[in-house]
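Report on the following structure.
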Amino acid sequence: MQIYINGAFYPKEEAKVSVFDHGYLYGDGIYETLRAYDGYVFHLDEHIERLKHSAKLMEMALPLDEDGIKKAISDTLARNGLKDAYIRVSVSRGPGEIGLDPELCPVPTFLIIAKQFVDYPKELYEKGVNIAVVNTRRNHPETLDPAIKSTNFLNNIFAKMEAKKAGAFEGIMLNHANFVAEGTISNIFIVKNGELVTPPLIAGILEGVTRGLVIGLAERLGITVFEEMFSEAALKAADEVFITNTTMEVMPVREVDDKTIGAPGKVTKMLAEAYRREALHCLKTRKLTD
Ligand code: PLP
């Protein structure tokens with residue numbers, strides 16, 4: 001495995017960053033997770049846009065422009081001979097003297113890890129997964145804005161630890177106002193009476209690329225979509241529930257805590273299929289890296 005770090009490639013064992021990197025010292029960094037289908041990176045532009053947005057919110061200048069990032073990603077895939085890949089792009093504040101001031105770090109660390117994509121077990125899509133509503137609250141947007149895809153991930157890690165103890169596939173966090181926010185690595189949707197509901201961005205969530213695509217697909221399919229706050233009780237009373245992210249796409253939920261939802265429902269199936277069709281369509285028309 002060859003890792004890209006600031007313009008050069010290193011074998012996995014030699015791919016190292018400084019212990020003075022503020023990404024390591026303070027969790028001062030951002031990242032993106034992308035997926036390549038048969039050599040084409042799905043929704044690359046949207047991921048780069050979000051990386052730029054995260055960088056802007058933390059006042060960090062990215063060392064590469066859009067074309068530079070695209071080239072670095074495609075070079076990494078080529079170097080590793082990958083077609084179906086999991087790609088992680090991380091940008092940290094970079095090495096600098098100890099201290100919180102970002103000005104101590106003149107050069108960010110830009111690295112890309114790409115590895116063979118391993119599909120989630122088919123069974124999960126056929127039967128659905130179980131999720132747990134955890135006690136850990138999603139970061140308040142005025143403390144650490146969840147819109148920043150930050151490597152400062154303790155909030156989500158605490159939620160993940162709780163979910164794991166509950167034997168759940170994913171942990172769902174409520175926000176500061178007691179409404180459902182999102183999962184540790186996913187956005188959440190419910191279906192009630194044939195209509196789709198997902199928390200709005202002001203709930204304090206990451207603007208998932210998959211979430212955006214699913215909303216668009218639903219609208220194209222004539223499904224009414226509401227971006228609206230909903231409670232834990234509404235989540236448990238839903239007809240269907242699913243979670244989304246770049247690697248799992250549309251994942252049906254069969255259980256929320258002790259409540260059986262009974263997945264996958266009709267709307268979930270429609271959207272999961274539409275998502276796959278969209279990926280294949282983009283692949284065929286070679287649109288993925290445009
Ligand atoms: N919410 C959080 C907290 C995440 O970490 C992720 C992805 O990792 C998502 C939502 C889903 O985002 P995307 O669809 O862009 O992968």
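As the structure lists them, so they are numbered: ligands from 1, and atoms in each ligand from 1.
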Donor-acceptor list for residues 108-124 side chains, cut-off 3.5 Å, not counting sequence neighbours:
unit_1	atom_1	unit_2	atom_2	d
T109	OG1	D21	OD2	2.5
Q116	NE2	D84	O	3.4
Y120	OH	T247	OG1	3.3

**Study point:** Within 45° cone and under 6.0 Å: R79 NZ/CZ vs Y4 ring
**Key:**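 R79 over Y4 ring: no.
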Check your understanding: Between K269 and E240, is the closest basic N to carboxylate O distance under 4.0 Å?
Key ->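 Salt bridge flag = no for K269 with E240.
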Point to revise | E182 bridged to R138 by N-O distance under 4.0 Å | key: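 Yes.
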Please produce the table of protein N or O atoms sitting under 3.5 Å from N or O atoms belonging to ligand 1, one pair a line, distance to 0.1 Å.
unit_1	atom_1	unit_2	atom_2	d
ligand 1	1 (N)	E182	OE1	2.6
ligand 1	5 (O)	K149	NZ	3.4
ligand 1	8 (O)	K149	NZ	2.9
ligand 1	14 (O)	V209	N	3.4
ligand 1	14 (O)	T210	N	3.0
ligand 1	14 (O)	T210	OG1	2.6
ligand 1	15 (O)	R50	NH1	2.8
ligand 1	15 (O)	R50	NH2	3.0
ligand 1	15 (O)	V209	N	2.8
ligand 1	16 (O)	T246	N	2.9
ligand 1	16 (O)	T246	OG1	2.6

Exercise for review: Just jot down the salt bridge (charged side-chain N to carboxylate O under 4.0 Å, His left out) partners of R276, sequence neighbours excluded, or say none.
Suggested key: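 Partners of R276 under the salt bridge (charged side-chain N to carboxylate O under 4.0 Å, His left out) test: E249.
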Check your understanding: Under the side chain to side chain donor-acceptor pair (under 3.5 Å) test, which residues partner E49, sequence neighbours left out?
Key ->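 Result, side chain to side chain donor-acceptor pair (under 3.5 Å) vs E49: K52.
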